[in-house]
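Everything numeric in this text was worked out from a predicted model, so none of it was measured. Atom set for the values below is all heavy atoms of this structure, side chains included, hydrogens, waters and symmetry mates excluded. Along the sequence shown, residues are numbered consecutively beginning with 1.
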Amino acid sequence: QVQLVESGGGLAQAGGSLRLSCAASGRTVSSYTMGWFRQAPGQERESVAAISWSGGRTYYADSVKGRFTISRDNAKNTVYLQMNSLKPDDTAVYYCATARIPYIGSSYVPRAEGEYNYWGQGTQVTVSS
């Protein structure tokens with residue numbers, strides 16, 4: 001069993017920055033891809049970014065490329081999402097998640113919601129214009 005706790009959300013102005021953290025406990029997640037998702041009011045949850053177990057491979061949604069950076073510190077069992085140049089459209093609840101299976105040795109970075117099985121409770125990010 002894995003417990004994930006997100007932090008770092010809050011209110012930011014357009015053009016500003018926030019850094020989200022996701023701390024894992026219960027077991028190490030160093031062998032698993034980690035992902036960030038978000039859900040805006042009235043919309044489906046969508047993938048934002050994902051990072052392979054080693055950090056060597058990443059995925060970003062087109063809407064955040066060049067503005068968001070995902071990273072991880074396996075020694076701390078933590079994954080981060082640095083969000084720069086924030087836009088009002090980035091307003092959502094942000095969730096981190098752990099992939100269902102390890103992808104060690106694979107170049108594949110899962111991005112679909114169904115490929116993840118452990119989820120945090122989410123942290124609210126609100127960007128004002």
Side-chain angles (χ1 to χ4, degrees):
Q1 195 79 348
V2 176
Q3 293 79 44
L4 301 173
V5 178
E6 302 96 337
S7 62
L11 178 65
Q13 290 189 334
S17 299
L18 286 173
R19 188 194 194 205
L20 305 184
S21 299
C22 173
S25 62
R27 67 164 169 81
T28 181
V29 295
S30 60
S31 299
Y32 292 80
T33 297
M34 299 291 293
W36 284 98
F37 293 75
R38 68 186 181 186
Q39 187 169 22
Q43 298 187 22
E44 294 186 353
R45 189 154 54 184
E46 63 175 356
S47 177
V48 175
I51 186 167
S52 64
W53 69 276
S54 66
R57 293 192 180 272
T58 56
Y59 158 78
Y60 294 97
D62 288 343
S63 58
V64 306
K65 276 181 183 176
R67 301 188 299 120
F68 290 11
T69 302
I70 189 171
S71 61
R72 67 190 298 163
D73 185 337
N74 285 340
K76 295 182 178 179
N77 232 19
T78 300
V79 64
Y80 306 95
L81 186 68
Q82 177 67 44
M83 305 187 296
N84 299 328
S85 302
L86 284 163
K87 304 175 181 179
D89 285 349
D90 295 321
T91 295
V93 178
Y94 284 71
Y95 301 88
C96 69
T98 305
R100 291 182 178 276
I101 62 174
Y103 288 92
I104 296 176
S106 170
S107 62
Y108 179 66
V109 179
R111 64 202 63 178
E113 187 173 344
E115 296 177 293
Y116 293 79
N117 59 343
Y118 291 110
W119 295 81
Q121 82 290 347
T123 185
Q124 176 71 47
V125 171
T126 302
V127 183
S128 62
S129 57

Could you measure the distance from the OG1 atom of T33 to the CD1 atom of I51? Nearest 0.5 Å is fine.
9.0 Å
Tell me whether Q13 at atom CD has more than 12 heavy atoms from other residues, nucleotides or ligands lying less than 6.0 Å away.
no
Measure from NZ or CZ of R67 to the centre of the six-membered ring of Y60, then state whether that distance is under 6.0 Å and the direction lies within 45° of the axis.
no
Between D90 and M83, is a side chain to side chain contact (heavy atoms under 4.5 Å, CB included) present by the stated rule, with each step listed?
CA-CA 9 Å; D90 295 321; M83 305 187 296; over 6 Å; no
In terms of heavy-atom contacts, A99 and Y32 come closest through O-CD2, 3.3 Å
Close side-chain approach of Y94 to E6, heavy-atom, < 4.5 Å:
no
What's the spacing between I70 CD1 and C96 SG if we round to 0.5 Å?
9.5 Å
Inter-residue atom distance N117.CG - I101.CD1, 0.5 Å rounding:
10.0 Å
State, yes or no, whether a side-chain contact exists between R57 and Y108 at a heavy-atom distance under 4.5 Å.
no
Hey, what's the ring geometry for W119 with Y95, parallel, tilted or perpendicular (30° and 60° as the breaks)?
perpendicular
F37/Y116 under ring-ring contact (aromatic ring centres under 6.0 Å, His included): CA gap, chis, key distance, verdict
CA-CA 10 Å; F37 293 75; Y116 293 79; 5.1 Å; yes
Validation row: E115, R100 side chains within 4.5 angstrom (heavy atoms):
no
Going by an N to O cut-off under 4.0 Å, is there a salt bridge joining K65 and D62?
yes
Side chains of Y80 and D73: does their closest heavy-atom pair fall under 4.5 Å?
yes
Which heavy-atom pair separates L18 from G10 by the least distance, and what is that distance?
CD1-O, 3.9 Å
Closest heavy-atom pair and its distance - V109, A50
CG1-CB, 3.5 Å
Grouping I, L, V, M, F, W and Y whenever their side-chain heavy atoms are under 4.5 Å apart, do V93 and V79 come out in a common cluster?
no
Name the residue from N77, V29, T28 that meets the side-chain contact (heavy atoms from CB on, under 4.5 Å) definition with V2.
V29
Distance-minimising heavy-atom pair for A61 and S47
CB-O, 3.5 Å
Would a 4.5 Å heavy-atom cut-off, applied to side chains only, mark L4 and M34 as touching?
yes
With heavy-atom distances below 4.5 Å as the criterion, would you say the side chains of R38 and V64 are in contact?
yes
Out of the candidates L86, N84, L20, only one should pair with F68 under the side-chain contact (heavy atoms from CB on, under 4.5 Å) rule; please name it.
L86
Interatomic distance, Q121 atom CD to S7 atom OG [nearest 0.5 angstrom]
9.0 Å
What I'd like to find out is whether the side chain of Q124 reaches to under 4.5 Å of the side chain of T91, using heavy atoms alone.
yes
